[in-house]
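The structure appears below as structure tokens.
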Amino acid sequence: MCIRDSVLGGEIRRGDGDVIEAAILFCDMRDSTLLEEKLGRDDYINLLNRFFDKLDDIITRHEGEVLKFIGDAVLAIFPSGSYKTHACQNALNSARAIVREFCGGDAEHGGSGIDCAIGIAYGEVTYGNIGSRGRLDFTVIGPAVNTTARILGMSGPVGQDIVISSKVALPVKDQRPDLVSLGQYRLRGVTERQELFTLD
């Protein structure tokens with residue numbers, strides 16, 4: 001049984017949570033405000049629903065779990081259990097599949113009309129129901145989640161659709177000739193400089 005099933009079954013209540021290690025993926029739709037203005041509200045919502053459906057399919061197919069939709073962004077995790085390398089590979093394969101699906105040109109020329117950015121990191125997270133008495137949020141929290149968000153924010157400055165932490169890249173680097181180092185960067189709110197990678 002996955003942890004989400006435990007939460008939905010009532011085994012994890014507010015304040016309860018499991019501490020797990022996982023690869024964490026944030027995917028954010030780029031220029032969504034301009035896209036909504038161009039399409040109009042109804043068509044934009046339909047497009048957003050298709051975007052979320054496809055991401056959910058891709059992530060589930062690679063043994064990940066979509067935890068939440070945040071505006072036009074998606075938060076997903078790939079729990080590692082005792083197989084960190086496998087979780088990292090699944091996250092990377094999901095990212096490549098998402099970019100192939102959506103970053104192939106504008107809608108007028110056969111593309112989806114969607115562009116997106118992806119950040120991937122790895123670490124220990126607390127996974128469960130968190131919130132007020134009247135409103136629970138099923139999510140993950142911890143420094144690794146914050147680091148993933150910062151890495152996602154680097155996609156613009158480094159000019160890449162996919163940006164990956166060294167904790168994801170290094171365990172699988174010998175098996176992934178498509179991994180390319182982007183150099184060392186200082187992330188806001190993160191003490192140590194981070195080597196970031198992308199997929200060639």
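All of these numbers come straight from a predicted model, not from anything done at the bench.
- Stacking of K84 on the aromatic ring of Y122 is recorded, both the 6.0 Å distance cut-off and the 45° axial limit being met.
- Atom CG of D174 is surrounded by 12 or fewer heavy atoms from other residues, nucleotides or ligands within 6.0 Å.
- V180 and I118 fall into different hydrophobic clusters, where Ile, Leu, Val, Met, Phe, Trp and Tyr are joined by side-chain heavy atoms under 4.5 Å apart, directly or via other members.
- Between L67 and V140, some side-chain heavy-atom pair lies under the 4.5 Å cut-off.
- With hydrogens and angles disregarded, a donor-acceptor distance shorter than 3.5 Å links the side chain of Q194 to the backbone of E192.
- Taking NZ of K167 as the reference point, atom CD of E195 lies at 13.5 Å (rounded to 0.5 Å).
- Classification of R30 and D161 as a salt-bridged pair holds, one side-chain N sitting under 4.0 Å from a carboxylate O.
- Classification of the F102-F51 ring pair by plane angle, with boundaries at 30° and 60°, yields perpendicular.
- Counting heavy atoms of neighbouring residues, nucleotides and ligands inside a 6.0 Å radius, atom CG of N49 exceeds 12 of them.
- With a 4.5 Å cut-off on side-chain heavy atoms, Y185 and V158 count as touching.
- For the atom pair Q160 CD and L196 CG, the distance stands at 10.5 Å (nearest 0.5 Å).
- Here CD of E101 is found 9.0 Å from CG of L55. Values are rounded to the nearest 0.5 Å.
- Remark: I98 CD1 to N93 CG distance equals 11.0 Å, nearest 0.5 Å.
- For the atom pair OG of S165 and CD1 of I151, the computed distance is 4.5 Å after rounding to the nearest 0.5 Å.
- The number of heavy-atom neighbours closer than 6.0 Å to CG of D200, taken from other residues, nucleotides and ligands shown, is 12 or below.
- Shortest non-hydrogen contact noted between A73 and D28 is CB-OD1, 3.6 Å.
- L152 places none of its side-chain heavy atoms less than 4.5 Å from the side chain of V163.
- Under the 4.5 Å side-chain criterion, counting only non-hydrogen atoms from C-beta, L35 is in contact with M29.
- Nearest approach of P171 to T85, heavy atoms of both residues: O-OG1, 4.1 Å.
- Proximity of Y44 to S32: side-chain heavy atoms (C-beta onward) are separated by under 4.5 Å at one or more points.
- In terms of heavy atoms, L179 sits closest to F197 at CD2-CB, 4.3 Å.
- The shortest heavy-atom contact between A144 and G123 is CB-CA, 3.7 Å.
- For the pair I120/T148, no side-chain contact is recorded, criterion being any heavy-atom separation below 4.5 Å from C-beta on.
- For the 3.5 Å distance criterion, the side chains of H62 and Q89 fail to qualify, holding no donor opposite an acceptor.
- Here the shortest heavy-atom pairing between S155 and A117 reads OG-CB, 3.3 Å.
- Atom CG of D57 sits about 7.0 Å away from atom CZ of R61, to the nearest 0.5 Å.
- Under the 4.5 Å side-chain heavy-atom criterion for ILVMFWY residues, no single connected hydrophobic cluster contains both Y83 and I24.
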